[in-house]
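Nothing here was measured: the structure is a model prediction, and the numbers come from that model. Numbering of residues begins at 1 and proceeds along the displayed sequence.
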Amino acid sequence: MTEPDADAAAVGEPPSPVVAPATRARHLATDAPPRDEQEPHEREPQGDQEPAQPAAAPPPDPWARPVPPFVSPSDVPADERSTETRLLERLLGRRRLQLDLRVRDRFWGWFGTLVVTLVAAAARLWQLGQPQTLVFDETYYVKDAFTLGELGFEGQWPKEPNPAFESGDVFTFLEKASYVVHPPVGKWMIWLGMEAGGGATSAFAWRLASAVVGILAVFLLVRIARRLFSSSLTGVLAGLLLAVDGEAIVHSRVALLDQFLMLWVLVAFGCLVMDREQARRRLAARVGSILDAGGTVARYGPRLGFRWWRLAAGVSLGLACGTKWSGLWFVAVFGILTVLWDLAARRAAGVGRWWEDSLVVDAVPAFVTIVPTALVVYVASWWSWFTHQGAYLRQWAADNPGAGVTWLPDPLRSLVEYHRQMWDFHTGLSSEHGYAAHPLGWIVQWRPTSFFWEKDAPGTGGCPADAADACARAVTSLGNPLLWLLAALAIVATVWLGIRLRDWRALAVLSGTVAGWLPWFAYAPPFSDRTIFTFYSIVFTPWVVLTLLYPMVVALERTEDRPGRGRTVAVITVVVAMIVAVSVVFYPLWSGMQVPYPYWQSVMRLESWI
């Protein structure tokens, strides 16, 4: 049986009763099991009483995750581990505490990160400028980003501007504001990529920011998964799976906004994972100090000070909302997640009134740190709109005195009216589209979105003149089919394992999918007819990877130093190898590479993919 990771059992075990400090500490903290878990002993019968019959012991639970007990320094020999150390083992788990102590783990933690990041870079940067045309919604976001940098606001274009723009004539825009329905952060990032990549005349430059973000996401996921699962190898596997997934590759090679939303919510998640560890280290140190001084946490525990990682998460979530409004769901889900982590931490540390204590000293500060910060960052992201009088609806308040939210200053009143119109657009968007897809099919990539497709006869468009058949080029936003299918099954397994093991990691790996996928059901039939697409799933793709890995991690932990370890490793190796092989087969259809038309037909096996 493996020892628990962090608060795996803290969520389900009742807290210790409130007793005198020394007695209570002894109940919490010795390295021996509590009295009621020791071997039963017989009592001498008194008078005519029959000897008490020992109660039948329940059968051992093979899934139980025992909590290592822990007590007062007065009951522990001087050469034993400190109170703080034992608390850390309870709050973070031995695996996490030992992770950075092993040379092998440190080596693979960085060497493996470098390798999979290079794999991601190769898959994303190779022929990034192909195709040399604006694909799918690049027709909006690339040109909007360019005028945002040139004018300070998104400008209008004459009719049919794409041929001229694609040929290098990029200054045909009109100096008149255009009505756009997404905040500016993602478009500013596209503009920065164009500036760094040589200007708007290059298709490579249009997509450079997306590629950099995609590479950075792989790097971040390795580091996050390593800390989440206390395993360097698992972190490397997480990065590898994201590096070779089709959704991640395609969105790294096109200039759409969803890639940038994915980055900012992943950064926020990483910040909260860091905050969880830092907060637990502080809690262990401060509770340890109280107990060592003869004090008690029978009622309330210590405050943990300002949480800088939470502030960073708030900034990241503000930038996410400043890219697309769907970032709001991550604010809600991640906010709940971090509060649940704090509740479990105080309970595991033996705080008597842990629920009340955590709500007051953790939950309220968490809300104040994250939500107002995200709001301020979001409003600040409109800085260019505020500073340019020609921006869309910038003068609405001056032209409509007494209308709107009258108690706000005119610039904010105009911004609120702009947001009202944006809301009407998003909630009323309903039009026929060949690639519209119900979110129920997203998790298995049932109806992917075709961003670009072109068929060339032999001797035309680069297709060899002696080719036996026509050639095809495609950019299809289709996740690795095997990875997504297995991940769909892993969601069910993760829910079951999370409940069965009371494992905080299960909730963590599901959180991004809950925030990025489930809300879209409210916009789909039978509730609504809004036009939505499978490619929105890029936002929660990192959590799809983490969910796929979670049952594997549990299997590895459960078979450590036990029979079946070799079979478990072999199965995981085969699964990962098969996923990589599928990505090799599909890569030409993700990257716009020209292939024989029969090859395209043989790979696109399902009619719903076409």
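- Residue Trp446 qualifies as open at atom CH2: its count of foreign heavy atoms under 6.0 Å is 12 or below.
- Phe540 and Trp484 have perpendicular rings, their planes meeting at more than 60° on a 0 to 90° scale where under 30° would count as parallel.
- Residue Trp329 qualifies as open at atom CH2: its count of foreign heavy atoms under 6.0 Å is 12 or below.
- Under 4.0 Å is where a charged nitrogen must lie from a carboxylate oxygen, and between Arg346 and Asp342 no such pair does.
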Begin with the C-alpha distance, continue with both residues' side-chain angles, and end with the deciding distance and a verdict on side chain to side chain contact (heavy atoms under 4.5 Å, CB included) for His251 and Ser477. CA-CA 7 Å; His251 280 268; Ser477 182; 3.4 Å; yes
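- Counted by atom type alone, Ser252 and Gln259 present one or more donor-acceptor pairs between their side chains at under 3.5 Å.
- In Arg106, the CZ atom is crowded: over 12 heavy atoms of neighbouring residues, nucleotides or ligands sit closer than 6.0 Å.
- Checking Arg447 against His438 by side-chain atom types alone, no donor-acceptor pair falls below 3.5 Å.
- Ring geometry for Phe533 versus Phe136: interplanar angle over 60°, hence perpendicular rather than tilted (30 to 60°).
- Under 3.5 Å, the side chains of Thr85 and Ser82 contain a donor-acceptor pair of N or O atoms.
- With a 6.0 Å radius and a threshold of 12 heavy atoms from other residues, nucleotides or ligands, Trp520 has its CH2 atom above the threshold.
- Under a 4.0 Å N-O distance rule, the pair Asp362/Arg307 qualifies as a salt bridge.
- Taking the six-membered ring where tryptophan is involved, the planes of His426 and His182 are tilted, since the angle between them lies from 30° to 60°.
- For Phe527 and Phe521, the gap between ring centers reaches or exceeds 6.0 Å.
- Taking 4.0 Å as the cut-off between side-chain N and carboxylate O, Arg347 and Asp357 do not count as a salt-bridged pair.
- Ring geometry for Tyr536 against Trp442 counts as perpendicular: the plane angle is over 60°, on a 0 to 90° scale with 30° as the lower cut.
- Looking at Glu277 and Arg280, no side-chain N of the basic residue comes within less than 4.0 Å of a carboxylate O on the acidic one, giving no salt bridge.
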